[in-house]
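Written below as structure tokens is the structure these notes are about.
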Amino acid sequence: MSDSYFDSENNSHKSFELPGAKPHYNPDRPGQVEHIFLDLNLDIPNQSYTGICTITLKPITTGINRLSLDAVNLNIQSVDIDGTPQSFDYDDAKLDIRLETATEVGKVIKIAIAYLVEKPQRGLYFIIPDDHYPNKPTQVWTQGEDEDSRYWFPCFDYPGQLATSEIRVRVPNNMKAISNGRLVETKEDGKSTIYHWLQEQVHPTYLMTLAVGDFAEIEDEWQGKPVTYYVAKGREEDARRSMGKTPRMIEFFSEKYGYLYPFPKYAQVCVDDFIFGGMENTSTTLLTDRCLLDERAALDNRNTESLVAHELAHQWFGDLVVIKHWSHAWIKEGMASYSEVMWTQEEYGNQEAAYYRLLEARNYLAEDSSRYRRPIVTHIYREAIELYDRHLYEKGSCVYHMIRAELGDDLFWQAIQTFVRDNAHKTVETIDLLRAIEKASGRNLLFLFDQYVYRGGHPDFKVAYSWDSDSKLAKVTVTQTQVKEGSNTDLFDLKIPIAFGYTQEGKPTEFKTFPVRIYEREQSFYFPLAEKPHFISFDAGNNYLKTVALEYALPELQAQLQFDKDPVSRIYAAIAIATKGGLEAVKALTKALKSDAFWGVRLEIAKNLATVKLDQAFDGLVAGLQDENALVRRAVIEALAQIKTNASYKAIKPFVKNGDPSYYVEAAAARAMGAIASVNLDEKSKEKKTIKLLNIVLEKAGWNEVVRSGAISGLSQLKTSSEALDIILQYTKAGVPQALRLAGIRALGTVSVGQNPVNLERILERLDQLSLETFFLTQVSVVVALGQMETIKAAAILNALASQTPDGRVRRMAQEAVQQVQAKVGSEQATKQLREELDQLKKDNQQLLSRLESLEAKSASS
Ligand SMILES: [Zn+2]
């Protein structure tokens, strides 16, 4: 039966559903949870706490005499209902209460569960200094999404239940405790302080949170509501730099969503060792402290600003309007990701927003082509956390943008505002979004959802163009190349605008635009035009999620690269020009690398120039090293790293020796040094010199260890060097700053592929040890490293890790990495190695048996 779940909808793509995947449904509801009250007493030095969780439940029917709650690895002491002790069964996952008195419909009961927790593995995390990291701050924080709240308190743990909540917690005097809602009171009691927080708007269990630490508190405000940033002491400046735009963002989103920020405060707490980038707990977002920018990092790091916007957007999409089931999580993650685009547009303009959208689309496209293809909405999985992928976030964002393109700006915002207003403080499914769109605009967008949400994939367009000067006809042929010839599956049916651009010196470019319906595998369109157009802009505005390959003549592509106002179209033109290759292509790209006004286009041109295999491409690129924009300089360096010549080595070296205003540029340069030196093996001295140079970089500790991690990455490119490996191994030791250590662990995978068998064993042994560490990011780095290795022994460690890790994300990554390794090793060799190992086991077994026999013989004779 379960085999049916493994049917891939497209044979050329791997299945999203791994063995064991099955449909997931919300459980039946015995009643409505009205309120959850947690009364907690933390014992931080012993990493433990006691708690009383009181759940107020309004039964839906009379006669219920059993209740089943989610509660994992808690030590349950007692269960009372309205003061009367109840008997219960507990198997470390489900708490089954046998009610002394059966329920009466509508008659509210209070279930009080006393419990204690020691060294929790999930849900609530104790961060404390140790011998290796004596300066680590002491903190406690929680992470509920998706189904981890049950690890820190007993509850009906699914998003379909919304309740008010309250947390009272006792912490040491020097610590602050931050939680959802408003602070009711703080009370000092000897050496401890009791914080009492109350969340008066209903929300699901996965959004309940607690963060405790010796934080600096930076106060800001929006319309009289407190906006507070909590960071480790000493990082106040970084906090303002990184989160200071929050009040303006609250203003912006309140206006766009047509709903004033709904909670009594907005706090952002930056915590140590966080296992996500950020988490949008209701009114209290937790962020990783790695997002805090210093002055130099702020130069070319826009990720933090996007992260702040993303989590804030969730306060409406996710927290105010709650998804009923994880299968509909794209509604919130897609909008939060699209809100990054919206904020980029508001703050930096249309070109930046268009480029941001392209980057989001590419993240999804990469997952689709290399990992798996799935419908955005699906309830078939092993663990809900598997859904949190590039389909959910980035493709979801692209879907919101397509809705906007279909409706136009005015109706789009009316639809979004209708959706938020109608569903505030309620749960939603995808159908509710369609209904709100129809209510506000009259439009039925089911056709769009059918194609992009309820099934996997996207159109891959090939566009050819020719001009018939006799009849003055433009011919555009569009092919949906994702569809096999003679097949009808995977076809998309969309109305796409095709624009013809006319340029005139000193005047703005004019466009003649024709919307055409594309619904067949191959269609040709003929457009009678008064004059020959200078260029063609397919999907003008680039609103539809797609890939596109342009097959135009060079002059049209050059004109588009120069004159199309849409940066994404210019980028597509640049890609098509580079694909053509040749000296003319290099000239056009070199010119545009100097002259395009938008850095995003210059960055993409740099990437594409490197793919043209002509010496002249190098000259064009080198000029880009002087670009004023750090992101472009970084792309140029990365491009030069692909042209592995002495000249490119020389061109990049000054960035390593003398530095650059940007950390990321310096890191890219260090990495490039290694990459180039690795192929110039005729010069052994170059490898030595490069190692020496990178060793100097390794002395430069700095923000988030970006630069030193670049040097480690550079060393990992020297795949045959024992010396490079020795250095990398040093940086995987406990005590090395965490970000640098993680880079070191990942580098072990890269450097492994050229090492001799003895060194390969050293690497495997090290990764095997590291795989026993429980911290999420360490496990991820170990998996990444092992996934790059070309020995079946890596698969064995990965399998062990997959079976031991408590984290669903790590489990899935490890299993996918096993497939990677197997593919690399090749099934033949893998079988051979397995057979050898089996033979060895048999031999060992035989020896053991022999020893056992002789022991028995001895004991019998004595
Ligand atoms: Zn999110």
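Every heavy atom of this structure was used, including side-chain atoms; hydrogens, water molecules and symmetry mates were not. Every number for a ligand or one of its atoms is a count from 1 in the order of the listing.
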Measure from NZ or CZ of Arg302 to the centre of the six-membered ring of Tyr348, then state whether that distance is under 6.0 Å and the direction lies within 45° of the axis.
yes
Count of protein N, O or S atoms below 2.8 Å from the Zn ion (ligand 1) equals 3
Identify each donor-acceptor pair in which a side-chain atom of residues 429-437 lies under 3.5 Å from a protein atom, sequence neighbours left out, and give them as a table.
from: Thr430; atom 1: OG1; to: His328; atom 2: ND1; distance (Å): 2.7
from: Thr430; atom 1: OG1; to: Trp330; atom 2: NE1; distance (Å): 3.1
from: Asp432; atom 1: OD2; to: Glu429; atom 2: N; distance (Å): 2.7

Would Tyr663 and Asp294 count as having a side-chain donor-acceptor pair, cut-off 3.5 Å?
yes
Could I get the full list of salt bridge (Lys or Arg N to Asp or Glu O under 4.0 Å) partners for Glu705, not counting sequence neighbours?
Arg708
So, using side chain to side chain donor-acceptor pair (under 3.5 Å) as the criterion, who are the partners of Tyr229 when residues are at least two apart?
Asp220
So that I can tick it off, tell me whether Lys395 and Glu367 are bridged by a salt bridge, with the cut-off set at under 4.0 angstrom between side-chain N and carboxylate O.
no
